[in-house]
Peer 1: 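One structure follows; several queries about it will come next.
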Protein chains: 2
Amino acid sequence: MKAQLSKAGLADRLTPVFEAYGYEGASLSLLAKAAGLSKASLYHHFPNGKRDMAAAVLARAGARLQTLVIAPLHSTASPVERLGQSLDGVARLYEGDIPGSLMNSLLVGEGRGLFGAIVAGGVAAWEQALAGVYEAAGKPAAAARDTARQTLERIEGALVLCRVEGSRAPLEGALTSLRGGL
Amino acid sequence: MKAQLSKAGLADRLTPVFEAYGYEGASLSLLAKAAGLSKASLYHHFPNGKRDMAAAVLARAGARLQTLVIAPLHSTASPVERLGQSLDGVARLYEGDIPGSLMNSLLVGEGRGLFGAIVAGGVAAWEQALAGVYEAAGKPAAAARDTARQTLERIEGALVLCRVEGSRAPLEGALTSLRGGL
DNA sequence: TGAAACAGACCGAACGTTCGGTCACACCAA
DNA sequence: TTGGTGTGACCGAACGTTCGGTCTGTTTCA
């Protein structure tokens, strides 16, 4: 038998654990249970252990960010449509009843030294793409950068508030509000 | 010797550890080193261990939030001045080269179940006080609530970006921008 | 002298990790 | 068609380490 679960599928199963518990909080026991495998089997797929698992999860999240959120910003549609599709992508990227930001959780504690640079790269790409759309919508370059930064702040802040309130409402509210911002 | 360090002073020393590492990541070794005490001595001050320490740190942070950020919102000054003083308080509350949100770090993993309700209470009080100022500034009640929510999102989001970028700049930028929002 | 403050040594449990080995299946010569 | 061999997926059990937490004191000062 070749593989009951692909590496990507495995990463998908591990994602919610890292998202909810952070790098240090995601114990091998929790990860094994989420994967439906033993700890030893996890090492068969990720020879370098937890670091490898988190890296795979982060790579998967980066790919999803790229396709769901950033790619729509570069499409040929009108700026308003591009922003709308990208925000739809955000809603799909952060799914679930209590959405959590992997980027946020993974940067608590030890994870910051390990994955900080990767996360920073993804965020920078997102911010730049957003600024491009706002500029295409007619804003001066400096104002477009400011608006892009504000958009990121509001999305990430809303995700924090989602965890505080234990609800999806803050994210949905922020997205609705942001859609009207252009 | 009665006490080389008061409980509040001790909590202040423990704060950066919880802030940077979260609840699970903050090990007793790290906490003891930060306090300048042995693990056994920490248990003298906090009989219930890590839970007590985190609770003390959180209580201290709540008190600082109250005096630095929320109290100014309730003063007799003009709405614009009240907001300005409160944002100054935010800058002082989140000090340091790479400011971190204790509320955010502490809600990753196990901490959410332990302290989620306390944090949610503090945030709700902050949001309500903000909405009061925006309403006093002439906004309709619904719009005031929306603006208050947005302000919180931007501050918390900026703190996330501070950790991503390893810099204090996002917070300062957001505060400057928010000051101009009234 | 009595009590508070503190620390070294220690505990069972859980941590991340590794090892030895089982199992199901693909492949191939007889 | 069959039996032997190879291989990748998988797991139980254990590794050494560190975890949160406790015990038995010694020091310090009113």
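Just so we're on the same page: letters track the sequence lines, and every chain starts at 1. All values below come from the heavy atoms of this structure, side chains included, with hydrogens, waters and symmetry mates left out.
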Peer 1: Does C:dA7 have its OP1 or OP2 closer than 4.0 Å to a side-chain nitrogen or oxygen of B:His44?
Peer 2: no

Peer 1: Nearest-Å distance, CG (A:Leu14) to C1' (C:dG16)?
Peer 2: 15 Å

Peer 1: Just jot down the side-chain contact (heavy atoms from CB on, under 4.5 Å) partners of B:His44, sequence neighbours excluded, or say none.
Peer 2: none

Peer 1: Please list, chain by chain and in numerical order, all residues satisfying side-chain contact (heavy atoms from CB on, under 4.5 Å) with B:Lys50, sequence neighbours excluded.
Peer 2: B:Phe18, B:Tyr23, B:Leu28, B:Leu31

Peer 1: Test of understanding: with side-chain contact (heavy atoms from CB on, under 4.5 Å), list the residues that count as partners of B:Ala77, not counting sequence neighbours.
Peer 2: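 Per chain and number, B:Ala77 pairs via side-chain contact (heavy atoms from CB on, under 4.5 Å) with B:Ser75, B:Glu81, B:Arg82.
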
Peer 1: Who pairs with A:Arg168 by salt bridge (charged side-chain N to carboxylate O under 4.0 Å, His left out), at least two apart in sequence or on another chain?
Peer 2: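 Residues passing salt bridge (charged side-chain N to carboxylate O under 4.0 Å, His left out) with A:Arg168: A:Glu172.
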
Peer 1: To the nearest Å, give me how far apart CG (A:Leu42) and C1' (D:dG12) are.
Peer 2: 15 Å

Peer 1: How would you summarise protein contacts on nucleotides 18-24 of chain D per nucleotide, using B for base, S for sugar-phosphate only and - for none, with heavy-atom distances below 4.0 Å?
Peer 2: -SBBBB-

Peer 1: Return the set of residues passing salt bridge (charged side-chain N to carboxylate O under 4.0 Å, His left out) with B:Arg64 (not counting sequence neighbours), or none when no residue passes.
Peer 2: B:Glu95

Peer 1: Between atom OH in A:Tyr21 and atom P in C:dG16, what is the gap in whole Å?
Peer 2: 13 Å

Peer 1: Does A:Arg51 CZ have over 12 foreign heavy atoms under 6.0 Å away?
Peer 2: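 Open.
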
Peer 1: On the nucleotide C:dC6, are OP1 or OP2 found under 4.0 Å from the side-chain N or O atoms that B:Ser41 carries?
Peer 2: no

